[in-house]
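Structure record follows, encoded as structure tokens.
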Amino acid sequence: MKNRLDAILMTTIDYCFDQGILSETSIPEYVIEIPNNPAHGHFATNLPMTLASSQRRRPLDIAKAIKDNLKDEEELLESVDIAGPGFINFKIRAEEWCGILSDIVRVKENYGRNDAGSGEKVLVEFVSANPTGPLHLGHGRGAALGDTLCRILSFCGYGVEREFYINDAGEQIRLLGESVFCRFRQIYDPDYPFPKNGYHGDYILDLARAISREADLNDLSQEDAIIYCAQKGREMMLEEIKEDLSRFRVAFDGWYSEMDLHRSALLQDTLGAIKEKGYLYEKDGALWIKTSGLGDDKDRVIRKSDGQFTYFASDIAYHLQKYERGFTKAIDIWGADHHGYIPRIKASLSAQGVSDEWLSVMLIQLVKLWAGGQEIRMSKRAGTFVTLRELMDDVGVDAVRFVFLMKNHESPLDFDIDLVKKEDSDNPVYYVQYAHARICSIFRKAEAEGVFVPDNPGDLSKHLVLEEELAFIRAMAGFPSLLKEICVTLEPHRLTYYLTDLAALFHRYFNLGTKISDHRIITGDKVLTQARLFLAEGVRTVIANGLNLLGIEAPEKM
RNA sequence: GCGCCCAUAGCUCAGUUGGAUAGAGUGACGGACUACGAAUCCGUAGGUCGCAGGUUCGAAUCCUGCUGGGCGCGCCA
């Protein structure tokens with residue numbers, strides 16, 4: 001709709017240029033937006049104001065010139081008004097809006113699907129938790145965010161691949177092995193010393209028990225036993241992580257192991273390529289990459305003087321490898337505490353000629369958990385943290401996802417477990433789901449009376465005349481462009497707000513009928529009832545599609 | 001000390017990339033079910049958009065400087 005309006009405006013401007021009504025200049029950036037004040041029409045543009053300086057005329061004069069010469073050949077518009085300091089406000093004819101409603105009901109679960117991202121191939125890397133412990137709240141937030149973003153991207157025509165990078169090389173897996181082995185030994189020898197910086201959670205003991213059931217660790221040398229515990233522990237934790245994610249409705253296309261990266265020649269090859277470009281040098285027995293001058297504030301060590309590669313080395317290799325796999329864009333979702341790594345990763349990429357925009361890093365701020373009015377402080381070191389699994393058990397997947405997706409990922413999130421646990425109106429997820437269930441309930445009621453959602457509703461604009469009814473369609477018409485914007489701004493939380501608003505429109509509309517029976521959806525007039533059922537089906541469709549993109553169920557009953 | 005993020009109603013947060021009178025939820029108070037689901041709706045109250053400048057037709061939004069909070073600045077992982 002916005003595009004059609006834009007086309008009318010551009011045709012008009014061209015015409016004004018040709019006729020000398022406006023002096024021919026370049027067209028500045030302008031917007032066509034949906035005003036927040038309904039009195040300002042369905043759409044408004046600031047075009048006259050942006051033209052004012054190059055035209056050297058008053059915005060109001062320009063607005064009048066545009067209005068008087070408007071080329072609305074398809075008769076899209078109901079009214080055109082000049083307002084304020086130089087806005088033009090437009091109203092679209094009801095028939096046009098009703099046409100959109102018909103489209104929605106016709107294409108159903110595909111409404112909103114578009115090809116904005118065609119030709120793009122995006123790799124989204126998220127969660128990427130170390131397999132040294134269970135997923136906790138913070139991982140959950142990243143999982144919900146990444147998953148929903150991927151769903152939206154692919155709905156908008158992007159080729160999307162979801163990847164989980166497994167940090168399974170080096171010290172931390174070793175430490176996992178030592179921690180597990182220690183717990184095993186402590187079964188017989190309670191004084192056996194626990195490794196410094198080891199993992200304290202109860203799950204370590206569970207791992208020790210499970211592993212010792214499968215193999216007799218006493219048959220192995222201590223070193224072999226630790227390695228065995230590390231390998232086995234990694235495998236089991238990864239399995240658990242996969243189970244949790246799958247239950248959280250998050251699927252990955254690829255699991256990329258850092259260990260494999262070390263085993264393959266990739267790390268060496270990558271370093272060789274960087275060396276050829278002249279970005280590597282040796283100093284104090286270590287190998288450095290020259291990232292300073294490429295946006296980083298100092299150079300970074302890639303191989304320590306003890307011969308071990310740093311994690312940063314594999315990070316570079318991994319990201320360059322993503323690039324070589326032919327992705328046109330990469331998105332990483334990291335915890336905000338890693339933000340300091342962005343400049344050095346980008347610097348390393350640009351050393352290989354990869355542009356800055358290729359990689360977008362989304363940072364998620366931390367999650368604070370509240371229960372009983374108190375903040376629950378979490379510490380992985382001390383083993384006191386709430387796992388994603390516990391949270392799903394407690395409050396359910398729908399509620400957890402909704403809360404995570406409600407807020408901008410750049411804002412810290414307070415997760416009030418008591419509030420989310422409550423199965424009543426205080427819980428925000430039910431508001432949207434209830435609207436869906438309520439519509440389904442109306443359909444059941446109508447069917448019982450022999451009235452169904454019509455396949456061909458006829459001339460809707462004759463029957464859908466209430467302002468509330470047309471407001472629905474206008475809101476629904478914005479769904480596809482909202483999704484496209486989310487793909488650019490990477491802000492999935494806007495979908496959550498959109499759905500809440502749409503549900504609010506519906507609840508308000510529904511309640512009109514409790515006062516005035518003529519405003520009920522099911523009325524004595526069959527044709528009117530069918531038109532309203534058709535409208536309700538449109539609303540239901542958009543809510544269902546939106547919830548599906550959020551990974552949240554759209555229940556028919558609650 | 002340097003860098004990134006944040007600051008909007010009592011609380012938790014939106015704010016359509018610079019638009020017209022800054023909005024929800026929650027909490028407080030008052031209303032609406034003998035017909036489509038009250039997990040809902042309506043009303044009242046609540047604001048110097050952290051502070052001070054600047055940019056322009058126009059600023060919560062952009063720029064600069066402060067204040068306050070979170071995080072990060074290793075040959076750690």
Side-chain angles (χ1 to χ4, degrees), chain A residues 29 31 33-37 39-40 44-46 49-50 52-53 58-59 83-87 89 130 132 167 169-175 197 283-288 297-298 300-306 308 310-312 335-343 363 365-366 370 406-408 410-414 416 419 422-431 433-435 437-446 448-449 478 481-482 485 488-489 491 493-494 496-498 500-501 503-504 506-515 517 519-523 529 532-533 536 557-558:
Chain A
E29 273 192 41
V31 291
E33 59 170 7
I34 299 168
N36 43 29
N37 184 343
H40 296 143
T45 183
N46 62 352
M49 287 181 286
T50 61
S53 66
R58 292 169 46 221
F87 291 100
N89 297 335
N130 298 337
T132 55
N167 263 204
E171 198 57 30
Q172 53 206 350
I173 290 291
R174 166 85 193 182
L175 211 49
N197 297 326
K283 195 181 88 181
D284 305 331
L287 186 65
W288 296 69
D297 39 14
K298 57 177 162 184
R300 306 290 168 178
V301 172
I302 278 195
R303 193 185 61 224
K304 297 183 276 180
S305 51
D306 67 3
Q308 292 277 319
T310 60
Y311 276 74
F312 183 48
D337 51 340
H338 291 92
H339 72 256
Y341 291 76
I342 298 174
L363 297 173
Q365 294 291 333
L366 87 184
W370 293 73
M406 215 165 36
K407 281 160 194 169
N408 188 324
E410 285 186 346
S411 305
L413 174 79
D414 283 346
D416 185 336
L419 179 71
K422 282 203 276 184
E423 293 197 5
D424 65 17
S425 55
D426 290 345
N427 191 329
V429 68
Y430 296 118
Y431 189 81
Q433 289 185 318
Y434 182 52
R438 214 176 200 182
I439 292 171
C440 293
S441 165
I442 293 168
F443 291 160
R444 287 191 294 269
K445 168 100 178 168
E449 295 178 17
S481 54
L482 172 75
E485 281 170 30
V488 175
T489 60
E491 291 175 338
H493 72 280
R494 287 176 50 190
T496 314
Y497 278 88
Y498 171 83
T500 305
D501 285 347
F506 180 75
H507 288 312
R508 260 201 292 276
Y509 178 62
F510 179 89
N511 273 277
L512 285 180
T514 62
K515 282 264 198 251
S517 58
H519 288 178
R520 285 169 181 266
I521 291 171
I522 299 173
T523 65
T529 301
R532 289 182 175 166
L533 287 175
K557 285 182 184 173
M558 294 172 66

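The basis for the numbers below is simple: all heavy atoms, side chains too, and nothing from hydrogens, waters or symmetry mates. Order of the sequence lines fixes the chain letters, A, B, ..., with proteins taken first and strands second; residue numbering starts at 1 for each chain.
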Where Tyr431(A) and Thr500(A) come nearest, the two heavy atoms and their spacing: CE2-O, 3.6 Å
Pairwise 5' ranking along RNA chain B for Trp288(A) and Val488(A), keeping only the more 5' one: Val488(A)
Side-chain donor/acceptor contact of His339(A) with base of G3(B) under 3.5 Å: yes
Distance below 4.0 Å between Arg58(A) side-chain N/O and C57(B) OP1 or OP2: no
Contact summary for Thr523(A) and Arg532(A), nearest pair of heavy atoms: CG2-NH1, 3.6 Å
Under-3.5 Å donor-acceptor pair between Asp297(A) side chain and G3(B) base: no
Rounded distance (Å) that lies between atom P of U26(B) and atom CE of Met406(A): 11 Å
Non-hydrogen atoms of Phe506(A) and Ile439(A) that approach each other most closely: CZ-CG1, 3.4 Å
Nearest-neighbour nucleotide for the Gln172(A) side chain, A20(B), A77(B), G15(B) considered: A77(B)
RNA chain B base-pair string [pairs: Watson-Crick or G-U under 3.5 Å; |: paired with another strand]: (((((.(..((((.....[...)))).(((((.......))))).....(((((..]....)))))).)))))....
Interatomic distance where CD belongs to Glu491(A) and C1' belongs to G15(B) [whole Å]: 11 Å
Sugar-phosphate, base or nothing in reach of Gln433(A), heavy atoms under 4.0 Å: nothing
Sugar-phosphate, base or nothing in reach of Ser411(A), heavy atoms under 4.0 Å: sugar-phosphate
All ring pair (Phe, Tyr, Trp, His ring centres under 6.0 Å) counterparts of Phe510(A), not counting sequence neighbours: none
His40(A) aromatic ring stacked with six-membered ring of A20(B), 5.5 Å and 30°: yes
Nearest to side-chain heavy atoms of Lys445(A), which nucleotide of A14(B), A39(B), A35(B): A35(B)
Exam field: side chain Asp284(A) to backbone Ala286(A), donor-acceptor pair closer than 3.5 Å: no
Interatomic distance at P, G25(B) relative to G65(B), whole Å: 39 Å
Sugar-phosphate, base or nothing in reach of Lys557(A), heavy atoms under 4.0 Å: base
Point-to-point distance, once rounded to the nearest 0.5 Å, from OG of Ser481(A) to CD1 of Ile34(A): 6.5 Å
C5(B): syn or anti, per glycosidic angle within 90° of 0: anti
Gap in Å between the two C1' atoms, one belonging to U67(B) and one to A52(B), rounded: 11 Å
With Tyr498(A) via ring pair (Phe, Tyr, Trp, His ring centres under 6.0 Å) - residues at least two apart: Phe479(A)
Protein-nucleotide distance (Arg300(A), atom CZ; C75(B), atom P), rounded to Å: 8 Å
Heavy-atom donor-acceptor pair, Tyr509(A) side-chain to C42(B) base, under 3.5 Å: no
d(NE2, His338(A); C1', G3(B)) in whole Å: 17 Å
Distance in Å, Lys407(A) NZ paired with Glu491(A) CD, rounded so as to fall on 0.5 Å steps: 15.5 Å
Sugar-phosphate only, base, or nothing, as touched by Glu485(A) at under 4.0 Å among non-hydrogen atoms: sugar-phosphate
Sugar-phosphate only, base, or nothing, as touched by Asn167(A) at under 4.0 Å among non-hydrogen atoms: nothing
Touch class at under 4.0 angstrom, heavy-atom based, for Ser517(A) against every strand present: base
Closest non-hydrogen atom pair, Thr45(A) against Val31(A): OG1-O, 2.9 Å
Base of A77(B) and ring of Tyr311(A) stacked, centres under 5.5 Å, planes under 30°: no
Smallest separation among heavy atoms of Pro85(A) and Met49(A), with atom names: CG-SD, 3.8 Å
Sugar-phosphate only, base, or nothing, as touched by Asp337(A) at under 4.0 Å among non-hydrogen atoms: sugar-phosphate
Distance, nearest 0.5 Å, that separates NZ of Lys445(A) from CZ of Arg520(A): 8.5 Å
Sugar-phosphate only, base, or nothing, as touched by Pro412(A) at under 4.0 Å among non-hydrogen atoms: sugar-phosphate
Candidates C41(B), A14(B), U16(B) - which lies nearest the side chain of Ile34(A): U16(B)
His507(A) side-chain proximity, nearest of C41(B), C13(B), G37(B): C41(B)
5′-ward residue of the pair Ile521(A)/Phe87(A) relative to RNA chain B: Phe87(A)
Sugar-phosphate, base or nothing in reach of Ala437(A), heavy atoms under 4.0 Å: base
Nucleotide nearest Lys407(A) when distance is taken to its side chain, options U12(B), A32(B), A77(B): U12(B)
Donor/acceptor link under 3.5 angstrom from Tyr498(A) side chain onto base of A24(B): no
d(CG, Asn408(A); C1', U8(B)) in whole Å: 14 Å
Short side-chain N/O contact to G74(B) OP1/OP2 from Lys298(A), under 4.0 Å: yes
Nearest to side-chain heavy atoms of Tyr431(A), which nucleotide of C76(B), A32(B), U40(B): U40(B)
Nearest listed nucleotide, side chain of Tyr434(A), among C36(B), A39(B), C75(B): A39(B)
Touch class at under 4.0 angstrom, heavy-atom based, for Tyr497(A) against every strand present: sugar-phosphate
Interatomic distance where CD1 belongs to Ile522(A) and P belongs to C36(B) [whole Å]: 9 Å
Sugar-phosphate only, base, or nothing, as touched by Arg508(A) at under 4.0 Å among non-hydrogen atoms: sugar-phosphate
Per Pro85(A) side chain, nearest of listed nucleotides A32(B), C57(B), G72(B): C57(B)
From G15(B), C57(B), A32(B), nucleotide with atom closest to Arg494(A) side chain: G15(B)
Rounded interatomic separation in angstrom, taking CD from Glu410(A) and P from G69(B): 22 Å
Atom-pair distance (CG on Asn36(A); C1' on U16(B)), nearest Å: 9 Å
Donor-acceptor pair under 3.5 Å, Thr514(A) side chain vs C41(B) base: no
Nearest-neighbour nucleotide for the Ala83(A) side chain, A20(B), A35(B), A14(B) considered: A20(B)
Base of A22(B) paired with side chain of Asn37(A) (donor-acceptor, under 3.5 Å): no
Touch class at under 4.0 angstrom, heavy-atom based, for Ala44(A) against every strand present: base
Plane angle bin for His507(A) and Tyr434(A) - parallel if under 30°, tilted between 30 and 60°, otherwise perpendicular: parallel
Nearest-Å distance once atom C1' is located in both G15(B) and U8(B): 9 Å
